[in-house]
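We use all heavy atoms of the structure for the numbers below, so side chains are in, but hydrogens, waters and symmetry mates are not. Here is how names work: the chains are called A, B, and so on, in the same order as the sequence lines, proteins then strands, and each is numbered from 1.
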2 protein chains.
Amino acid sequence: MEKPQSTKERILDAAEKLFATRGFYGVSIRQITTEAGVDPALASYHFGKKKDIFNAVMLRRAEVLNRERIAMLDDCIRRAKPNPAPLHEIIDAFTHALLNRATQGGQGWKHYFAIIAQINNHPELGGIIMTQYFDPLAKKFIAAIQETMPDSKPEDLYWCYHFLSGALTLTFSGTERINNLSEGLCPPSDLYAVHDRLVPFITAGFKVFAQPHKINP
Amino acid sequence: MEKPQSTKERILDAAEKLFATRGFYGVSIRQITTEAGVDPALASYHFGKKKDIFNAVMLRRAEVLNRERIAMLDDCIRRAKPNPAPLHEIIDAFTHALLNRATQGGQGWKHYFAIIAQINNHPELGGIIMTQYFDPLAKKFIAAIQETMPDSKPEDLYWCYHFLSGALTLTFSGTERINNLSEGLCPPSDLYAVHDRLVPFITAGFKVFAQPHKINP
DNA sequence: AACTTATTTCAACAAGTGTTTAATCATTCA
DNA sequence: TGAATGATTAAACACTTGTTGAAATAAGTT
């Protein structure tokens with residue numbers, strides 16, 4: 001079943017797992033290499049500094065994930081031509097790959113999402129990495145929405161995207177918070193149920209800012 | 001202007017500041033006590049273990065914040081009697097104190113929100129602290145919404161609350177992400193503008209789940 | 001005043017930190 | 001086969017980690 005792993009892969013997997021539960025500063029290189037069953041010096045040999053390991057962990061999955069998301073976004077834009085793509089399809093394109101990996105991607109992906117959630121809310125680490133890996137996708141996404149909602153102000157859309165981003169990262173972070181809070185009523189494992197709620201929730205939020213504001217209900 | 005600070009307060013302020021930017025594991029007791037201008041041994045003397053310092057930092061502001069939010073929620077429920085409180089007022093009651101402190105609360109509050117954002121997305125620390133300090137408030141809040149939206153399913157409301165929670169923590173985390181992404185178009189310092197967007201955005205999301213579902217636009 | 005309690009200091013502890021060095025083993029290629 | 005490159009190992013580097021103990025000072029109470 002399991003194909004033989006290279007040392008680099010073993011280190012990345014171990015680092016991913018440990019970073020997910022204890023954060024960047026909460027994990028030592030010796031803990032990582034012990035978990036990987038490998039000599040500590042091999043971490044420096046293969047990756048360099050500790051932050052380079054972290055970057056490699058992030059880059060590995062960000063690449064395949066964002067490739068999928070961009071393809072799906074392009075696809076729904078192309079299908080709708082010459083009209084702009086429908087809003088709920090754009091948001092679905094943005095979230096679908098995330099949901100997919102979080103449900104069927106295995107343990108490694110769960111760890112990856114947990115790290116994303118942490119650094120997305122981390123002033124020091126988040127600023128660099130999120131900007132580097134996710135801003136291009138975010139801009140494409142917002143541009144697509146701007147086209148299907150031409151009357152809305154760009155800054156409104158940026159804010160809405162920001163709210164979406166926060167909701168997403170918390171939902172996939174793997175904290176059992178909603179499960180605890182709801183006393184088992186909302187198992188976060190049921191991510192298809194999440195999809196049925198998240199997409200309409202966010203879509204409705206965006207639509208509020210489609211036309212010139214009417215604040216009060 | 002500045003009233004003389006006790007050693008305990010100096011340690012708490014220094015810890016708050018450092019935890020905000022580097023996380024729990026990224027900060028040492030010596031860094032904290034150096035920042036506070038105090039002997040390292042005093043941290044143990046006044047607080048005990050390192051995690052007890054962290055807990056004290058969280059508790060100090062969580063208490064005053066949640067007291068305000070509960071009072072405001074009770075107030076808007078009382079004003080609406082015998083009818084249920086309007087949805088947008090409930091959400092405003094939930095977010096108003098946060099916005100207020102984030103704008104006028106000074107640097108300490110900014111650091112506090114940054115820590116909240118980190119632990120809210122942290123499997124290990126978040127589970128304990130957030131549950132301990134914020135779940136009672138969350139339940140009161142959801143119960144109030146359930147009353148003004150009697151036809152909606154409880155699990156839908158829990159999910160909506162979860163999305164709100166994620167949006168809030170990211171917005172107040174103090175990462176400059178939206179500012180960078182929008183290339184200066186959305187300065188996060190303008191938190192009154194945030195309020196005008198966040199409350200209608202969330203309100204609209206909740207309302208989607210008020211009646212039996214109609215998913216497609 | 002003397003006595004008690006609270007606070008602060010300094011030094012030390014054993015253990016863990018990221019990283020480097022030089023030596024050894026494995027593999028590849030001519 | 002032998003030389004050359006790549007991978008792995010063990011040991012050591014100087015430094016930081018959280019926490020504690022005993023001694024010194026400050027504050028508070030009869």
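Among residues two or more places apart in sequence or in another chain, the side-chain contact (heavy atoms from CB on, under 4.5 Å) test is passed with B:D39 by B:A41, B:L42. Among residues two or more places apart in sequence or in another chain, the side chain to side chain donor-acceptor pair (under 3.5 Å) test is passed with B:D92 by B:H195. Shown here are the side chain to side chain donor-acceptor pair (under 3.5 Å) partners of B:E176, two or more places apart in sequence or in another chain: B:N179. Judged as a ring pair (Phe, Tyr, Trp, His ring centres under 6.0 Å), and not counting sequence neighbours, the contacts of A:H162 are A:W159. Considering only residues two or more places apart in sequence or on other chains, B:Q107 meets the side chain to side chain donor-acceptor pair (under 3.5 Å) condition with none of them. Under the ring pair (Phe, Tyr, Trp, His ring centres under 6.0 Å) criterion, A:F201 pairs with B:F163, not counting sequence neighbours.
Pairs of residues two or more places apart, or lying in two chains, never qualify as salt bridge (charged side-chain N to carboxylate O under 4.0 Å, His left out) while including a residue from residues 107-119 of chain A. Sorted by first and then second residue, the salt bridge (charged side-chain N to carboxylate O under 4.0 Å, His left out) pairs involving residues 12-29 of chain B (not counting sequence neighbours) are A:E124-B:R22, B:D13-B:R60, B:E16-B:R60, B:E16-B:R61, B:K17-B:E35. The list of salt bridge (charged side-chain N to carboxylate O under 4.0 Å, His left out) pairs with a residue in residues 127-143 of chain B, not counting sequence neighbours, reads A:R177-B:D135, A:E183-B:K139, B:D74-B:K140.
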Set out, line by line, the N/O atom pairs under 3.5 Å between protein and nucleotides 25-28 of chain C.
none

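Between A:H46 and D:dT8 there is a side-chain polar atom (N or O) within less than 4.0 angstrom of OP1 or OP2.
Proximity of residues 11-42 of chain A to DNA chain D (heavy atom under 4.0 angstrom from any strand atom) is restricted to A:R30, A:D39, A:A41, A:L42.
Stems are defined here as 3 or more consecutive Watson-Crick or G-U wobble pairs with pairing distances under 3.5 Å; those involving DNA chain D are C:2-4 with D:27-29, C:8-23 with D:8-23, C:25-29 with D:2-6.
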